[in-house]
Amino acid sequence: MKNLLSAGQLSGAQAVEILDIAEGMADVNDREIKKLPTLRGKTVVNLFFEDSTRTRISFELAEKRLSADVINFTAKGSSVSKGESLKDTAQTLEAMGADAVVIRHSASGAANVLANSGWINGSIINAGDGTHEHPTQALLDAYTMRKRIHGSASMGKTLEGVKVAIVGDILHSRVARSNLLLLNTLGADVHFVAPPTLLPSDSSNFDAKLHYSLDEMLLKEQPDVVMMLRIQTERMNASFFPTEREYARYWGFNAQRLGQLKKSAILMHPGPMNRGLEIDAVSADSAQSTVLEQVANGVSVRMAVLYTLLSGERNANAS
Ligand code: CP
C-alpha cells in the first residue's frame, strides 16, 4: 500500500493488521524512551491547509517517535497566502525530497488529486479532506472500540456484531463517512441517528440503519458505542435546525441519556467538542467517555499507518 486516501480502500485483513501494529506502537508509547529508528532518513511533510489540533500534533508526534525528519507546513504564513497553487506547493515539497505528505484540506478530494497528479512521488496520507473522508480518525476510533470491547485479547479481532450509533451532523462529517466504511469492513452494525436535515440526501445508499429520534434509538437498540459528531457550523450555508437550544435538547448527549446507556457502552467524540451543544460536560467527562483515549490512541494508530506505508517501501527498495 502506497497511499492512505480512504477508509474504504482497506480490506478487513489490512485494517486489522494496522490495528495490531498500533497495539505494538502503544507498547512503545508506554516506555520511558518512546522512540523507534524505523523511519530514520525519511522526510515527512505535514501539509495543513485547514486548522487542526489533534490530527496535526499526533501525526507530528508519531513521525518523531519513528525518527523521521518532519516538516510542518500550514497555509497561514506560507506562500499559499500569496496565491501559490496546490500544484506549485506540492512540486516544491517534491523538490525538497518528501517521502510522504500528510495533507488536510478543506476541498473534498484534495488528497486524491495529490496522489493521482504525479506532482509528488512519495506516499500521500489523507488527514481530512472537506466533507469527504478522515481515514486515520476512523482507524483510531476502531482501535479505541476494539480495545475497550476486547481489552488485552484484542489482537487479530474485528468489530463483528458491535452496534455503533453515529449521532448528529452526518451530512457534513468526513468522520462519519470514514467510520461507516471501516466499520462495515470490520463487521460492525452501524446506525445513523440525526434529524433528516443533517442526513445526506442519498443516505438510503449507505449501509447503515437510519433513526430520527435519539431517545427511541437508545432505548430500542441499546448500542455498544455512541459516537457524537460535532455540529460543523463552518460548513453550513443554511439553517439546519431551529436553534442551538432545541438541537441540544433533542440531539445532544446529556446526563439523562448517559443514564440510559448500558454500563459497558462507550461514548465517543472525535473532537473538537461543542460542549453544551452536541454533548454536555457531564457526559464528555464521564467514565464512559473515550474522548481523551481517542486522542492518545491516535498517536499509536498514526505510527502504525506511517510504518505500514513507509517501512514497506524501504524493504521493497532494499530487495
Ligand atoms: N478529530 C480531528 O480531526 O480533530 P482536529 O481537527 O483537531 O485535527
Side-chain angles (χ1 to χ4, degrees), residues 4-8 18-19 22 44-65 70-76 100-111 124-145 147-148 164 166-183 198 225-236 253 266-275 277-279 283-285 289-306:
L4 180 62
L5 304 175
S6 163
I18 291 173
L19 301 184
V44 182
V45 179
N46 299 316
L47 186 56
F48 278 66
F49 292 90
E50 199 186 57
D51 293 343
S52 168
T53 298
R54 281 147 285 270
T55 311
R56 187 174 55 79
I57 292 173
S58 68
F59 262 114
E60 183 176 349
L61 200 52
E63 291 148 10
K64 287 179 172 169
R65 287 192 177 168
V70 178
I71 297 171
N72 291 313
F73 173 102
T74 49
K76 283 176 204 146
V101 174
V102 177
I103 179 171
R104 169 168 288 197
H105 203 288
S106 58
S108 297
I124 307 296
I125 301 174
N126 184 0
D129 60 328
T131 58
H132 180 225
E133 282 226 38
H134 195 351
T136 59
Q137 179 72 43
L139 282 163
L140 76 88
D141 289 339
Y143 180 94
T144 304
M145 291 178 213
K147 206 70 200 155
R148 275 286 188 125
V164 183
I166 302 180
V167 184
D169 187 1
I170 290 160
L171 180 64
H172 302 102
S173 179
R174 55 194 177 206
V175 173
R177 190 178 293 269
S178 286
N179 261 287
L180 176 69
L181 292 168
L182 187 64
L183 289 168
L198 289 177
V225 177
V226 176
M227 183 184 294
M228 300 307 296
L229 297 174
R230 185 171 68 86
I231 287 289
Q232 302 200 28
T233 43
E234 77 277 18
R235 298 192 207 283
M236 291 183 179
F253 213 87
I266 59 171
L267 179 62
M268 307 181 78
H269 193 301
M273 293 183 280
N274 294 307
R275 281 177 184 250
L277 182 54
E278 71 265 0
I279 192 165
S283 307
D285 301 333
S289 165
T290 59
V291 172
L292 294 179
E293 239 170 272
Q294 289 167 260
V295 175
N297 292 338
V299 178
S300 306
V301 166
R302 288 175 175 125
M303 287 170 79
V305 167
L306 289 159

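We count ligands from 1, going down the list as the structure has it; atoms in each ligand are counted the same way.
- Looking at ligand 1, you'll find an N or O of His134 within less than 3.5 Å of one of its N or O atoms.
- In terms of protein heavy-atom proximity, atom 4 (O) of ligand 1 is closest to Arg54 NE, 3.1 Å.
- From the protein, the heavy atom lying nearest to atom 6 (O) of ligand 1 is Arg104 NH1, 2.9 Å.
- Remark: side-chain polar atoms of Thr144 are paired, donor with acceptor, to backbone N or O of Leu140 under 3.5 angstrom.
- Relative to the ring axis of Phe48, Arg104 does not place its NZ or CZ within 45° and under 6.0 Å from the centre.
- Between Ala22 and Ser300 the shortest heavy-atom distance is O-CB, 3.6 Å.
- A donor-acceptor contact shorter than 3.5 Å is absent between the side chain of Glu133 and the backbone of Leu5.
- Ser178 approaches His134 most closely through the heavy-atom pair OG-N, 2.8 Å.
- The shortest N or O to N or O distance between Pro272 and ligand 1 is not below 3.5 Å.
- Between Asp51 and ligand 1, no N or O atom pair is found at a separation short of 3.5 Å.
- Every atom of ligand 1 is numbered from 1 in the order shown, and the set under 4.0 Å from a heavy atom of Gly271 is 1 (N), 2 (C), 4 (O).
- Counting atoms of ligand 1 from 1 in the listed order, those under 4.0 Å from a heavy atom of Thr55 are 2 (C), 3 (O), 4 (O), 5 (P), 8 (O).
- Looking at Asp169, its side chain does come within 3.5 Å of a backbone N or O of Gln232 through a donor-acceptor pair.
- Using 4.0 Å as the threshold, Gly128 has no heavy atom nearer than that to any atom of ligand 1.
- Heavy atoms of Glu50 stay at 4.0 angstrom or farther from ligand 1.
- Ligand-side atoms of ligand 1 in range of Thr53: 5 (P), 7 (O), 8 (O), range being under 4.0 angstrom from any heavy atom.
- Under a 3.5 Å cut-off, the side chain of Asn274 and the backbone N or O of Ile231 do form a donor-acceptor pair.
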